[in-house]
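Note that ligands are numbered from 1 as they come in the structure, with each ligand's atoms numbered from 1 the same way.
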Amino acid sequence: MFVSIADNLSEIEKKLTYAAEKSGRKRSDILLLAVSKTIDVPHIKQAVELGCKELGENRVQEIMAKYDELPGVKWHLIGHLQTNKVKYIVDKVALIHSVDSLKLGEEISKRCAAAGRVMDILVEVNMAGEESKSGVSPENAKQLCRELSALSNICIKGLMTVAPYDPVPENNRVYFKQMKKLFDDIKAENYPNTDMQHLSMGMTNDYEVAVEEGADIVRIGTGIFGARDYSK
Ligand SMILES: *Cc1c(COP(=O)(O)O)cnc(C)c1O
């Protein structure tokens, strides 16, 4: 099937602009993170040339495989991260969206101390309590942030969630609202090593609702590149 990345992006731009306005913000307040998992480098390059300078991947191996071929982009790790893979990406990614345990935070901080850098991270929250998903429970999110904030080589930049897939995106509004509340609550604690700026929520199916409720990073794959082909 032929997919025009340019047409897809201009459609998303319109919707993002409108949703940002509805929440009293501007399009430029929102980061469109292009999720390039399973997409080949030539197609990703098209998106980069059309302005997508920040890319999200959910597997460490895929970032490593594409890294040298796409110079000048900012990489975000958005998928579950195993502690034994942290060492491969500390020098490659700008933001890790998926920190959901103290153990993982400790490993990131340790590896970053050795590399002489501080890693920006988001704490992933499993807001709907889906068993199949990673993320800390909303009840334990604040406690985890407090524990993570003792680590010198990470900086907690906000929260991330993957909402359930729902054909009616409006049904996810409740989770996005709860995320915003949790975000404000944690921000008010003024923990050390914490600079609450980002709320990463909303994907192809529900990003407009997420932005209306306060998301400032939306992670969009299918909406830009078309349906993923996992058979390759
Ligand atoms: C794949 C993925 C996305 C993008 O999903 P689409 O529905 O294709 O936009 C966003 N976030 C995470 C964590 C993902 O794994």
> Do Ser98 and His80 pass the side-chain hydrogen bond (donor to acceptor under 3.5 Å, both in side chains) test, and can you show the C-alpha distance, the side-chain angles, and the key distance before you say yes or no?
Replying inline: CA-CA 6 Å; Ser98 47; His80 180 68; over 6 Å; no
>> Please evaluate residues Glu54 and His76 with respect to the criterion side-chain hydrogen bond (donor to acceptor under 3.5 Å, both in side chains), reporting the C-alpha separation (whole Å), side-chain torsions for both, the decisive distance (0.1 Å), and the verdict.
In response: CA-CA 7 Å; Glu54 307 204 23; His76 295 232; 2.6 Å; yes
> Stepwise, does the side-chain hydrogen bond (donor to acceptor under 3.5 Å, both in side chains) test hold for Asp166 with Asn172?
Replying inline: CA-CA 7 Å; Asp166 196 311; Asn172 282 338; 5.8 Å; no
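At least one N or O atom of Gly221, backbone or side chain, sits closer than 3.5 Å to an N or O atom of ligand 1. Any N or O atom pair closer than 3.5 Å counts here, and Thr222 shares at least one such pair with ligand 1.
Among protein heavy atoms, the minimum distance from atom 12 (C) of ligand 1 is reached at Ile78 CD1, 3.5 Å. Atom 6 (P) of ligand 1 has its closest protein heavy atom at Thr204 OG1, 3.4 Å.
Considering only non-hydrogen atoms, atom 2 (C) of ligand 1 lies nearest to Lys37 out of Arg219, Met203, Lys37.
Of all atoms in ligand 1, numbered sequentially from 1 with element shown, those under 4.0 Å from a heavy atom of Ile220 are 9 (O). Within the listing of ligand 1, atoms 15 (O) sit less than 4.0 angstrom from a heavy atom of Asn58.
Defined by atom type and a distance below 3.5 Å, a donor-acceptor pair is present between the side-chain atoms of Lys85 and Gln82.
Using a 4.5 Å heavy-atom threshold, the side chains of Ser23 and Glu213 count as separate.
Results of the side-chain contact (heavy atoms from CB on, under 4.5 Å) test with Ile217 over Val211, Leu32, Leu95 single out Leu95 as the only residue that passes.
The closest approach between any non-hydrogen atom of Arg228 and ligand 1 is below 4.0 Å.
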